[in-house]
Amino acid sequence: MRDRFIATASALLDEDPRAVVVLADISSDGFQDASRAHPDRVINVGIREQLLVGATGGLALAGLRPIAHTFASFLIERPFEQVKLDLGHQAVGAVLVSANASYDWPAGGRTHMAPGDVALLDTLPGWTVHVPGHPDEVEPLLRDAMAGDDLVYLRLSTQSNGAARPIRPGRFLTVREGAGPVVIAVGPVLDDTLKAVEGLDVTVLYAATVRPFDTPALRAALAGRAAADVVLVEPYLANTSAPFVSEALHDVPHRILGLGVAREELRNYGEQHEHIAAHGLDPRSLRDRITAWLPAPV
């Protein structure tokens with residue numbers, strides 16, 4: 001996904017005179033050609049993440065459309081005050097593109113893990129959040145983000161589904177239809193979710209955009225159900241989207257099962273697949289947790 005981001009952002013620098021890329025060392029090697037072609041619009045501030053976001057806000061105030069990029073923990077968590085004030089409070093738009101997601105590089109330790117990034121952004125108004133599930137989904141989401149003037153977070157990961165889906169920015173995609181509960185799979189957890197619900201009578205919605213939350217799609221998927229049961233499978237902090245489901249179904253009795261990264265901190269480095277299993281996000285664990293929660297057959 002990061003390679004596709006670099007290629008697309010480099011092309012946007014050629015195509016759009018408003019585009020500017022702001023880096024904090026991470027991925028700077030990938031932008032060497034773009035930097036030579038556009039030395040005034042590829043800016044590397046070094047390992048200064050607060051400055052990364054502050055400079056992004058200043059560029060936006062000057063009328064440019066900046067893309068700020070580094071690891072998720074350094075893009076959202078470390079400079080959160082600047083995200084809140086230099087972007088949101090100043091009422092300017094920008095595109096923040098992260099890498100390394102929840103636990104993509106366990107050897108980097110806790111400092112390089114950001115399972116709470118989307119939940120943290122949810123404390124601020126006006127953000128669009130894209131979570132692509134395949135490298136081929138990165139380009140359309142980034143181009144859609146650059147076409148506007150709002151605040152957008154594009155969350156990249158090394159975890160990926162086997163194939164891209166025909167996504168539409170801002171809309172959930174119906175992948176499977178069933179008569180039972182609705183399962184919402186976010187970004188790169190779709191494949192494992194589909195394996196987990198194989199043979200179950202459920203509808204599966206795929207979300208590559210989670211904010212704004214696609215309320216019409218969820219309500220349409222639940223139309224005619226005797227009970228509004230919703231399973232959320234998210235590649236970040238469990239239950240991050242639960243309040244948005246409840247808001248979407250404010251007038252409908254419903255239950256929510258939120259599956260994602262647990263709040264408990266895992267202190268062994270391990271590998272990515274071990275973190276996935278430890279948080280119960282592998283297909284077998286997902287199936288056990290979902291079937292245990294589903295209503296018993298009458």
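Taking the centre of each ring, Tyr103 and His112 stay at or above the 6.0 Å mark.
At a cut-off of 3.5 Å, with distance as the only test, no side-chain donor of Gln159 or Asp104 sits close to an acceptor on the other residue. One side chain, Asp282 or Ser285, offers a donor N or O that lies under 3.5 Å from an acceptor on the other. Between the side chains of Ser241 and Arg211, at least one donor N or O sits under 3.5 Å from an acceptor N or O. Thr203 and Arg176 share no donor-acceptor pair across their side chains, judged by distance under 3.5 Å alone. With no hydrogens or angles considered, a side-chain donor-acceptor pair links Ser98 and Tyr153 at under 3.5 Å. A side-chain donor-acceptor contact under 3.5 Å links Gln272 and Thr158.
Judged by distance alone, the side chain of Asn161 and the main-chain N or O of Leu190 form a donor-acceptor pair under 3.5 Å. Looking only at distances, no side-chain donor or acceptor of Arg289 sits under 3.5 Å from a matching main-chain atom of Leu286. When atom types are taken as modelled, the side chain of Arg41 and the backbone of Leu13 share a donor-acceptor pair closer than 3.5 angstrom. Here the side chain of Arg287 pairs a donor or acceptor atom with the backbone of Glu198 at under 3.5 angstrom.
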CA sep, side-chain torsions, deciding dist, call: Arg155, Met1, side-chain contact (heavy atoms from CB on, under 4.5 Å) | CA-CA 10 Å; Arg155 187 184 203 263; Met1 289 190 194; over 6 Å; no

Show the numbers, then the answer: is there a side-chain contact (heavy atoms from CB on, under 4.5 Å) between Val183 and Tyr206?
-> CA-CA 9 Å; Val183 180; Tyr206 174 51; over 6 Å; no

Could you go step by step and tell me if Tyr236 and Val131 meet the side-chain contact (heavy atoms from CB on, under 4.5 Å) rule?
-> CA-CA 10 Å; Tyr236 35 76; Val131 188; 4.1 Å; yes

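Residues Asp144 and His130 share a closest heavy-atom pair of OD2-NE2, 4.1 Å.
A 6.0 Å sphere centred on CG of Leu124 holds more than 12 heavy atoms belonging to other residues, nucleotides or ligands.
Salt-bridge annotation for Arg65 and Asp149: absent, with no side-chain N of the basic residue lying under 4.0 Å from a carboxylate O of the acidic one.
Note: His69 and Phe5 have tilted aromatic rings, judged against thresholds of 30 and 60 degrees for the angle between ring planes.
Cluster annotation: Leu151 is connected to Val118 through the hydrophobic network of ILVMFWY side chains, with a link wherever side-chain heavy atoms come within less than 4.5 Å.
Atoms CH2 and CG, from Trp293 and Leu259 in turn, are 9.0 Å apart once rounded to the nearest 0.5 Å.
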